[in-house]
Amino acid sequence: MNTSVPAPFPAARAARRSGLRALSLAVLSALALLVAACATPAAAPTGTQASAADEAESTDADAGDAGDASAAAQAPDLPAVELTPQIMYQVLASEIAAQRGQVDSAAATYLSMAQQTRDPRLAQRATELALAERSIERALPAARLWHELAPSSAVATQTVESLWLSTGRYEQAEPLLRARLERARAERRLPQTYAQLQRLLVRTADPKAALEMLERLAAPDADVVAARLALAAVAHAGGDSVRAAAEAEAALKLDATSEPAAIAAARYVAGTPRGNPGAIALLERFLKRQPKATEARFLLARLLAAEGRNEAAREQFETALKQEPDSPAILFSLAQLAHQMKQPQVAAEYLQRYLDLPEQIQRDNDPAYLFMGQLAEEARRYDEALGWYEKVDRRDEQFLPALTRRAVILGKTGRVDAARELLRGTSVSSARERALLTSAEAQVLREAGRDAEAYTVLDEALARTPENPDLLYDHAMAAERVDKLDVMEADLRKLMSLRPDYAHAYNALGYTFADRNIRLDEAQQLIEKALSLAPDDAQIIDSMGWVLFRRGQFAPAVEQLQKAWRLLPEPEIGAHLGEALFRAGRVDEARRIWAAAAAADPDNQTLKETLARFKAVQ
């Protein structure tokens, strides 16, 4: 059985918030618990229980709403427990054991005391400790006892519900969930309760079984929008996009003005055979009824952009921006769209508006700094790009990408040693981050034409972490450039064994064989494997076209290479496509492709070599 806890439980969140602190605090808490449990049979909840109830009411999405929280705050009938030296010793010893990392022992002792005294607060503490240990096997009996002893506690009820669901015990959870819904119907809180159940059920290990249970529970509520949306979300979690779309559209039919229903329906429809066009049509109909629904319009714009309808997408984004002129998300999306439409100046203007928003508008400026740096770098305004990249905060997740771009720019402008010093002098917190910086250093050296040094840097790094997938791949590519084909193949074969789904490992080896015109049968098999893992990857499609070209199959080669060029019109793909067209007798088309590729990047080495061989320099 999997004993890890897949999602936060109400009691777990309370435990993490107040949980295993300094020893002195733990001892004081234990003493407070003893006084409350043993000296006052009908006392109010302890601090830990109250904090869990607060968690249920205000911060835990699955811990119930205000009505449930008020029920949790009602103290159960507590037994009169004699405060014996043995009980005091057991509580203090358990807290000390927990502080020393012996959480399992502490939880077991608390559970034993709860069974003897029948005090729910001791059972609650046993549950919290077991959840802090992330052990469902220990938490479940403690939570069951807690619920048994405090049946009016919403936190206890929802904790045991979550534990039963996470272990696939739907039959045990269903009566509790049914009772929760019955209370919600009586108290007119069905929308909130179904939203809570939705968040809970989409995380279960068996969403299909969860859906069957939810169908039974929601049968009386077929006319409740939130019930339909919960069914849709759980169906989607179980991989049934068609059912998910049908339920969400039924919710929208119940309330044609519901923006959450429209958004959910569009997202699920996009995953059905109706695809993005079906989702776009649905949102367009909805926005005719509700033109001020900004979030729905924002989603429509993104779907249009995904379909390549960039002008229509921009119109929708601009309309949304008029409705919310200070929206960081809309401004950033417009910048991305402008960049995609090859309008860098327009992209920069939107980003500047983003950065100039009033300070009180919450946003993260670092992605905008990174984007501005990218725009300046693409325009070869390297000093400006460095300035933007240097603005990215050291604590932000964008910092390492910005740092590596700074190093690459320093290398491009002849300051290779400064670039290496920047990368090597940056402290990082993980082996993965160090590997990223090593790869960046190798890139700097490679672009400076120092392939042997790049190989040595990666070789030394790989010796320290021999199973790092990123380093293995980069080391393989560096080995190929210094003509160590045996090393390259060994690296990539190892990478395939470590990561069988790493499409580019298969592609790199297959392409290398094809490019060197060797082992072509094996090359094609490797590339076919890569395509099965990443069928829409332009570089892998290019590899397939290239191996077909090497085998003299010019017509299918052109077909594959044209597809790759449409997806990613970069110079190397253009060089391959032009050569295949030329060999197929389509010389004028070949020259047009080569001219387009040269206009994009006249310094690309593969393209320059191809043009020189065919004497086709434009």
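Within 6.0 Å of atom CZ in R394, more than 12 heavy atoms from other residues, nucleotides or ligands are found, so the atom counts as buried in its surroundings. Under a cut-off of 6.0 angstrom, the local environment of CD in E390 is crowded, with over 12 non-hydrogen atoms contributed by other residues, nucleotides or ligands. Applying the 6.0 Å contact sphere to CD of E359 captures no more than 12 heavy atoms from other residues, nucleotides or ligands. Shown here is R380, whose CZ atom has no more than 12 heavy atoms of other residues, nucleotides or ligands within 6.0 Å. Atom CZ of R432 has 12 or fewer neighbouring heavy atoms from other residues, nucleotides or ligands inside a 6.0 Å radius. Counting heavy-atom neighbours within 6.0 Å of R302 CZ, excluding the residue itself, gives a total of 12 or less.
Side chain of D366 to backbone of D393: a donor-acceptor contact under 3.5 angstrom is found. No donor-acceptor pair under 3.5 Å is formed between the side chain of Q198 and the backbone N or O of A233.
Checked options R285, R267, R274; the residue passing with E249 is R274 (criterion: salt bridge (charged side-chain N to carboxylate O under 4.0 Å, His left out)). Of the listed residues (E384, R406, E377), just one forms a side-chain hydrogen bond (donor to acceptor under 3.5 Å, both in side chains) with Y389, and that residue is E377.
In this structure, the side chains of D364 and P367 come closer than 4.5 Å at one or more pairs of heavy atoms.
There is a side-chain donor-acceptor pair under 3.5 Å between H339 and E378. Donor-acceptor pairing under 3.5 Å is recorded for the side chains of T257 and D255.
In this structure, CZ in R314 is found 12.0 Å from CD in Q340, a value given to the nearest 0.5 Å. Taken to the nearest 0.5 Å, the CE atom of M544 stands 12.0 Å off from the CD atom of E559.
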Checklist entry - Where do R228 and D223 land on the salt bridge (charged side-chain N to carboxylate O under 4.0 Å, His left out) test, with the steps shown first? => result CA-CA 8 Å; R228 292 286 193 171; D223 59 346; over 6 Å; no
Next on the checklist: Between S532 and E528, is the side-chain hydrogen bond (donor to acceptor under 3.5 Å, both in side chains) condition met? List the steps.
Outcome noted: CA-CA 6 Å; S532 72; E528 286 172 350; over 6 Å; no
Item to check | Residue pair E447, K412: steps toward the salt bridge (charged side-chain N to carboxylate O under 4.0 Å, His left out) verdict | outcome: CA-CA 7 Å; E447 292 184 358; K412 283 181 178 178; 5.0 Å; no
Item to check | side-chain hydrogen bond (donor to acceptor under 3.5 Å, both in side chains) between D221 and Y194, intermediate numbers included | outcome: CA-CA 10 Å; D221 303 315; Y194 271 113; 2.4 Å; yes
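Looking at every heavy atom in both residues, L304 comes nearest to Q316 through CD1-CG, 3.7 Å.
Taking the six-membered ring where the residue is Trp, F317 and F298 present perpendicular rings, their angle passing 60° and hence far from 30°. Ring geometry, H504 versus Y473: the interplanar angle exceeds 60°, so the pair is classed perpendicular (tilted spans 30 to 60°).
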